[in-house]
Trainee: 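Encoded as structure tokens, here's the structure I'll be asking about.
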Amino acid sequence: MTTKTPTAPAIDLNSIRSLVAANYLGSIGALTIVILPGIVGVIADSLQLGPAQVGLIMSADIITMAVAMGITAFVIHKCNWRVVAVAALAVLLAGTLLSIQADSYQSMVIARLLAGIGEGMSVSVAFAIFGGTRNPDRQFGIYLVVILSVAASMLYFIPALLASGGKAYVFAVISLLVAINFIFIHWLPVSHGEEHRSLIR
């Protein structure tokens, strides 16, 4: 007599909860880049850095995000998407929390390098889900609306947050948004292949 190992129930990539979780994950992953003008101002004002230093900090963020996206996209078909998403959010949260504590140019570079890795991984998982849906063009269009709406809201509140508590408040809010994202991990499909096989049984 053999005992079957219980598996998580299949989640349709086209389901509302899957798409909500993917949009949240992708939006949080790309948030810092989309609100780049606001983040640049926050870092420059808080740490009293020049344009060249701030430019290098944000370049570090963007470069590591791009590298992480490329690597994750290359191996995502072999990975458990939920595991990758958890790792991505953990790294992103660590980088964002370090950004709160960063008090120098060097420490902020390290924080944003770390955050960039989590950002790239998060966006890659979201894009993998969108690409596996029945209508990828529509899902990517919805994602753009969502991320731009989130970015517009964040940019609106940044001046008030900066006035109240400096960069600590800005990155604290971003950290909170990242942390909330963990709640929706179980809404994500495990993988395109696994979900496809489960759904056709």
Trainee: Starting from the C-alpha separation in whole Å, work towards a yes-or-no answer on side-chain contact (heavy atoms from CB on, under 4.5 Å) for Leu89 and Leu25.
Mentor: CA-CA 8 Å; Leu89 291 174; Leu25 182 66; 3.8 Å; yes
Trainee: Rounded to the nearest 0.5 Å, what's the gap from OG on Ser27 to CG on Asn181? Could you check?
Mentor: 9.0 Å
Trainee: Assess the residue pair Tyr143 and Phe127 against the criterion (side-chain contact (heavy atoms from CB on, under 4.5 Å)); give the C-alpha distance rounded to whole Å, side-chain angles, the decisive distance to 0.1 Å, and a yes or no.
Mentor: CA-CA 9 Å; Tyr143 167 70; Phe127 281 10; 3.6 Å; yes
Trainee: Can you measure from CD1 (Ile57) to CD1 (Ile39) and round to the nearest 0.5 angstrom?
Mentor: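 The CD1 atom of Ile57 sits 11.5 Å away from the CD1 atom of Ile39.
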Trainee: Can you check side-chain contact (heavy atoms from CB on, under 4.5 Å) on Val170 and Ile43, steps first, answer last?
Mentor: CA-CA 10 Å; Val170 175; Ile43 294 175; over 6 Å; no
Trainee: Got a second to check how far Leu47's CG is from Met108's CE, nearest 0.5 Å?
Mentor: 5.0 Å
Trainee: Within this structure, what is the CE-CD1 distance for the pair Met65 and Ile33, rounded to the nearest 0.5 Å?
Mentor: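 The distance works out to 5.5 Å.
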Trainee: Show every salt bridge (Lys or Arg N to Asp or Glu O under 4.0 Å) that has at least one partner inside residues 85-104, sequence neighbours left out.
Mentor: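 Residue pairs passing salt bridge (Lys or Arg N to Asp or Glu O under 4.0 Å), neighbours aside: none found.
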Trainee: Taking Arg134 for the side chain and Asn14 for the main chain, is one N or O donor matched with an acceptor at less than 3.5 Å?
Mentor: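 The answer is no, because no donor-acceptor pair under 3.5 Å joins these two groups.
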Trainee: Are side-chain heavy atoms of Arg138 and Ile142 found at a separation under 4.5 Å?
Mentor: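 Sidechains of Ile142 and Arg138: in contact.
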Trainee: Any chance you could measure Glu119, atom CD, to Thr32, atom OG1, to the nearest 0.5 Å?
Mentor: 4.5 Å
Trainee: With a 3.5 Å distance limit and no angle check, can you tell me whether Thr72 reaches the backbone of Ser124 through a side-chain donor-acceptor pair?
Mentor: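 Here the side-chain-to-backbone pair does not exist.
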Trainee: Taking atom CZ of Phe182 as the centre, does the number of heavy atoms from other residues, nucleotides or ligands within less than 6.0 Å exceed 12?
Mentor: yes
Trainee: Taking salt bridge (Lys or Arg N to Asp or Glu O under 4.0 Å) as the cut-off, I'd like each qualifying pair that reaches into residues 50-59, sequence neighbours left out, listed once.
Mentor: none
Trainee: Can you pull out every salt bridge (Lys or Arg N to Asp or Glu O under 4.0 Å) where at least one residue sits in residues 53-75? Sequence neighbours excluded, please.
Mentor: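 Counting only pairs at least two positions apart or across chains, the salt bridge (Lys or Arg N to Asp or Glu O under 4.0 Å) contacts touching residues 53-75 are Asp61-Arg112.
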Trainee: Give the ring-plane orientation class for Phe140 versus Phe130, where under 30° counts as parallel, over 60° as perpendicular and anything between as tilted.
Mentor: perpendicular
Trainee: How many angstroms lie between atom CG of Leu97 and atom CG of Leu92, to the nearest 0.5 angstrom?
Mentor: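 That separation rounds to 9.5 Å.
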Trainee: Classify the side-chain pair Thr96/Ser99 by whether it contains a donor and acceptor separated by less than 3.5 Å.
Mentor: no
Trainee: Any side-chain to backbone donor/acceptor pair from Thr64 onto Leu113? Under 3.5 Å, distance only.
Mentor: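 Yes; judged by distance alone, with no hydrogens or angles, the pair exists.
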